[in-house]
Each structure stands twice: as structure tokens, then as C-alpha cells.
Amino acid sequence: MLLAVAMFYRAVKGPTTQDRVLAVNVLGTNTVVILALLGAALGEPSLLDIALVYALLNFLMSVAISKFTVEQGGVL
């Protein structure tokens, strides 16, 4: 939980766009792991499906923001 709070702070106050993207990506990965563990522990396959979709959306968000940053002249 302490690391999640630190990543949330970095996502809000990050000095650069890359810091914010990385922090949101870490938070998304943590969410996927929690959903997958809950799905396995509770025997709910629907939570595993939700975790998979969330992981794909998290990846697409990272790629889209990276592409936008590079097109604006920034370097990742």
C-alpha cells in the first residue's frame, strides 16, 4: 500500500510526463495483479477476464502516450 501511495503521488506531481506515465502504468499493473489474485482465490473466472482486459488497456495507454510524447518532440 505504501508503494501504491508513492506511485499515486508521482502520477499527480511527477515532474515530467514520462514519470506520470510510468506511475500510472505501475498502478495499473498492481490493479491487474490484485484482480488476478482475487479471481484465483475466489474462483471467479470473470475477475480474470477483467484483469486481462485491464492489462491490455493499460498497455495501449502506455503506447499511445509514448507515441504522443515522441511526436511532440520529446524523447522517452
Side-chain angles (χ1 to χ4, degrees):
M1 288 300 291
L2 182 63
L3 291 175
V5 171
M7 283 299 113
F8 185 72
Y9 175 78
R10 179 61 68 187
V12 173
K13 297 279 186 174
T16 64
T17 304
Q18 291 84 8
D19 289 331
R20 290 185 175 116
V21 169
L22 184 62
V24 170
N25 197 359
V26 168
L27 288 172
T29 302
N30 287 342
T31 304
V32 168
V33 168
I34 289 170
L35 282 172
L37 289 175
L38 279 174
L42 299 176
E44 286 287 330
S46 61
L47 285 177
L48 295 174
D49 293 339
I50 293 170
L52 182 63
V53 169
Y54 197 77
L56 290 171
L57 288 174
N58 193 25
F59 173 72
L60 288 176
M61 181 270 313
S62 296
V63 170
I65 291 177
S66 298
K67 183 174 169 37
F68 176 75
T69 303
V70 169
E71 286 179 0
Q72 293 292 350
V75 177
L76 288 177

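When a residue number appears, it is its place in the shown sequence, counting from 1. Computed from a predicted model, the values in this text were never measured in an experiment.
Grouping the Ile, Leu, Val, Met, Phe, Trp and Tyr side chains by contacts below 4.5 angstrom, directly or via other members, places L38 with I50. When hydrophobic clusters are built by joining Ile, Leu, Val, Met, Phe, Trp and Tyr residues whose side-chain heavy atoms come closer than 4.5 Å, directly or via intermediates, V26 is grouped together with F8. Hydrophobic clustering (side-chain heavy atoms under 4.5 Å, transitive across Ile, Leu, Val, Met, Phe, Trp, Tyr) groups V12 together with M7. V24 and V21 fall within the same hydrophobic cluster, where Ile, Leu, Val, Met, Phe, Trp and Tyr residues are linked whenever their side-chain heavy atoms come under 4.5 Å apart, directly or through other members.
In this structure, R10 and P15 have side chains that are in contact, with non-hydrogen atoms separated by less than 4.5 Å.
The nearest pair of heavy atoms linking A11 to A23 is N-CB, 3.6 Å. Across K13 and R20, no two heavy atoms sit closer than the pair C-NH2, 4.2 Å.
Residues passing the side-chain contact (heavy atoms from CB on, under 4.5 Å) test with S46 are E44, sequence neighbours excluded.
Within 6.0 Å of atom CG in L3, 12 or fewer heavy atoms from other residues, nucleotides or ligands are found, so the atom counts as exposed in its surroundings.
One finds the CG atom of D49 at 11.0 Å from the CG atom of L35 (value rounded to the nearest 0.5 Å). Distance CG/N30 to CG/N25: 10.0 Å, rounded to 0.5 Å. Atoms CG and CG, from L27 and L22 in turn, are 10.0 Å apart once rounded to the nearest 0.5 Å.
The residue from V63, L57, I65 that alone fulfils the side chain to side chain contact (heavy atoms under 4.5 Å, CB included) condition with M61 is I65.
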